[in-house]
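Here, residue 1 is the first one in the sequence, and each next residue gets the next number.
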Amino acid sequence: MKQKFDVTGMSCSACSAHVEKAVSRIPGVDQVQVNLLQNSMVVEYEDEATDAAAIIHAVEDAGYGASVKDAHEPAKKAENDLQKRTAEEAKKMKHRLGWSIVFLIVLMYISMGHMLGWPLPGILLGHENMMIFALTQLFLTLPIMYLNRKYYENGFKSLFHGAPNMDTLVAMGSTAAFVYSVSRLYVMGYAMGRGETDMAHMAAMNLYFESAAMILTLVTIGKYMESRSKNRTSDAITKLVDLAPKTALVVRNGRETEIPADQVQVGETVIVKPGQGIPVDGVILEGTGTVDESAITGESIPVEKKVGDRVTGATVNRAGYFQMKADRIGEDTTLSQIIRLVEEAGGSKAPIAKLADKVSGIFVPVVITIAVITIIVWLLSGATFSFALASGIAVLVISCPCALGLATPTAIMVGTGRGAEQGILIKSGE
């Protein structure tokens, strides 16, 4: 049996790889395909061995959410929902990114301006204003952390479930930089209270608030690009859905009745007049027509149709009048099958994407391990705890942008979406 699920909580390639691994371990599951940018999953499994409830339970145990996608939901509504969801996500991400950049620019100017000789307010200069200088950075960093709190929610949740992902690196790196900087504030307060200006000055020069803010903003730029890719991909699918007419003219109780196209029943007689789109697949019962099938076949020259000939939904009757018997509706129409192939192509992984999933699956725990080893080695070498911790933080922060986990699937999905708009479908790339 082949079933589609909606998956929530995924944010990177490591997430989709972990979901695939968790579901593939279920006895009876033959194949799993997780589509990160559409937040969906297609599972092929044996009915006798497992069921949808077991699959959902496995996904939830892995730290994510899942639900069965309604197979009877009209394609138009499903794709409209997808488009609205991706458009709203892109809008929210743009808002997050815009405000993050505003606060980051001010923060970077204040924290780095004195090194470059830029003019700063007098209240931020001099040893007597060191605490004001530090607190200003703190209060500029907090809004950026709040705007991008999703990284902490997803990252630490995945860590507690034993499946750290790219968000975990972002959360740990920025949190470590922030906590370390706050500890320097306490050192400054302690030193200034005792008149030890040199110690306070040293602490003020070791603040990393801008590092915590910078990494959150940089990763948000990547996430914004990803959200735009999702939106473009959903637009391509929606354009395919829009090829089919929204209404149909049927014969009911001996009268012509106009109804929504998704309410046409198998066996009903559908009337198609000149210039109208054909709502469903079927066979001509009466009359003739000249049908433009370019949307389906690519053939630009209209085809003559007569009694007994098949006609396809989403094509257009350019001339003539005929009545047809509907025999394929909803998900069974040719157009719906094309849309399903496009969605499957988006969920299919090319070999390079599979390689990226494997690497990202081990990348995060390896980076965390290296950061811990770095701290231990510096401590054993006689360095101060402050220096050792700063070195470990540097490993986490430098590893955060997650180019491998984000850029690879995004680039592939952008290519798939653009190809769909141009009539080109790439199934696997093998």
Under a 3.5 Å threshold, yes or no: a donor from one side chain and an acceptor from the other, between T290 and N317? no
Smallest heavy-atom separation, P279 atom then P245 atom, equals CA-CG, 3.5 Å
Problem - Test item: D327 side-chain N/O and G267 main-chain N/O as donor-acceptor pair under 3.5 Å - result: no
Run the side-chain contact (heavy atoms from CB on, under 4.5 Å) check on V270 and Q323 step by step: do they pass? CA-CA 6 Å; V270 179; Q323 296 183 9; over 6 Å; no
Which of T175, T220, T168 passes side-chain hydrogen bond (donor to acceptor under 3.5 Å, both in side chains) with Y151? Answer is T220
For A314 and A295, the nearest pair of non-hydrogen atoms, with its separation, is O-CB, 4.0 Å
* Taking side chain as C-beta onward, heavy atoms only, is Q3 less than 4.5 Å from V43? -> no
Notebook entry, point to check: Hey, does the side chain of E46 reach the backbone of E48 with a donor-acceptor pair shorter than 3.5 angstrom?
Noted result: no
Does the side chain of L185 come within less than 4.5 Å of S181's, by heavy atoms? no
Salt bridge present between K273 and E256 (N-O < 4.0 angstrom): yes
**Request:** Keeping the roles fixed (side chain from T247, backbone from I259), state whether a donor-acceptor pair exists under 3.5 Å.
**Result:** no
(Q) Has N253 got a side-chain atom pairing as donor or acceptor with R255's backbone, closer than 3.5 angstrom? (A) no
So CZ of F5 and CD1 of I55: to nearest 0.5 Å the spacing works out to 4.0 Å
Looking only at heavy atoms, the pair that brings A66 and I56 closest together is O-CG2, 3.5 Å
As a quick check of understanding, evaluate side-chain contact (heavy atoms from CB on, under 4.5 Å) for L249 and V272, giving each step before the final call.
CA-CA 7 Å; L249 195 61; V272 182; over 6 Å; no
By salt bridge (Lys or Arg N to Asp or Glu O under 4.0 Å), D309 pairs with (sequence neighbours left out) K306
- Report the C-alpha separation of V395 and I375 in whole Å, then their side-chain angles, then the decisive distance to 0.1 Å, and conclude whether the side-chain contact (heavy atoms from CB on, under 4.5 Å) test is met. CA-CA 10 Å; V395 173; I375 295 174; over 6 Å; no
Below 4.5 Å, heavy atoms only, C-beta onward: do M324 and T269 meet side chain to side chain? no
query: So, the side chain of S336 versus the backbone of D332: is there a donor-acceptor pair under 3.5 Å, distance only?
result: no
Would you mind reporting whether S100 and N148 have side-chain heavy atoms less than 4.5 Å apart?
yes
Exercise for the section: Would you confirm whether K246, through its side chain, and P260, through its main-chain N or O, come within 3.5 Å as a donor-acceptor pair? Expected result: no
Does a salt bridge link E268 with R252, judged by any charged N lying under 4.0 Å from a carboxylate O?
yes
Quiz item: Just wondering, do K2 and V42 contact through their side chains at under 4.5 Å, heavy atoms?
Solution: yes
ask   = Under the 3.5 angstrom rule, does the side chain of E258 hit a backbone N or O of A248 as a donor-acceptor pair?
value = no
Query raised in the report: With no hydrogens and no angle check, is any side-chain donor or acceptor of Q265 less than 3.5 Å from a backbone partner on Q263?
Result: yes
Y224 and M93 have their tightest heavy-atom pair at CA-CG, 3.3 Å
Between K325 and E286, is there a side-chain heavy-atom distance shorter than 4.5 Å?
no
So CD1 of I338 and OG1 of T312: to nearest 0.5 Å the spacing works out to 8.5 Å
- Message: Distance to the ring centre below 6.0 angstrom and angle to the axis at most 45 degrees; does that hold for R184 and Y180?
- Response: yes
Give the C-alpha distance, both sets of side-chain angles, the deciding distance and a yes or no for side-chain contact (heavy atoms from CB on, under 4.5 Å) between F322 and K305. CA-CA 9 Å; F322 60 83; K305 297 288 184 178; 5.6 Å; no
Do D292 and T315 touch side chain to side chain, with heavy atoms closer than 4.5 Å?
no
Between A261 and V280, the two heavy atoms sitting closest are O-CG1, 4.5 Å
What one should report as the nearest heavy-atom pair of E210 and L104 is O-CD1, 4.4 Å
In this structure, OH of Y321 is separated from CD of Q276 (nearest 0.5 Å) by 9.5 Å
Next item on the list: Could you check whether the rings of F178 and F209 sit parallel, tilted or perpendicular, using 30° and 60° as the cut-offs?
Entry: perpendicular
Query raised in the report: Are any of the side-chain heavy atoms of K150 and Y152 separated by less than 4.5 Å?
Result: no
Looking only at side chains, do T334 and D281 share a donor and an acceptor under 3.5 Å apart? yes
Cation-pi, Y146 ring and R149 (6.0 angstrom, 45 degrees):
yes
Rounding to 0.5 Å, atoms CG (D6) and CE (M41) come to a distance of 9.5 Å
Output for pair (I278 CD1, L335 CG), nearest 0.5 Å, gives 12.5 Å
When you measure from the side chain of T297 to the backbone N and O of E299, does any donor-acceptor pair fall under 3.5 Å? yes
Separation between CD1 (I101) and CD1 (I221), nearest 0.5 Å, reads 5.0 Å
- [ ] Using the six-membered ring wherever Trp is involved, compare the ring planes of W99 and F103 and label them parallel, tilted or perpendicular (cut-offs 30° and 60°).
- [x] tilted
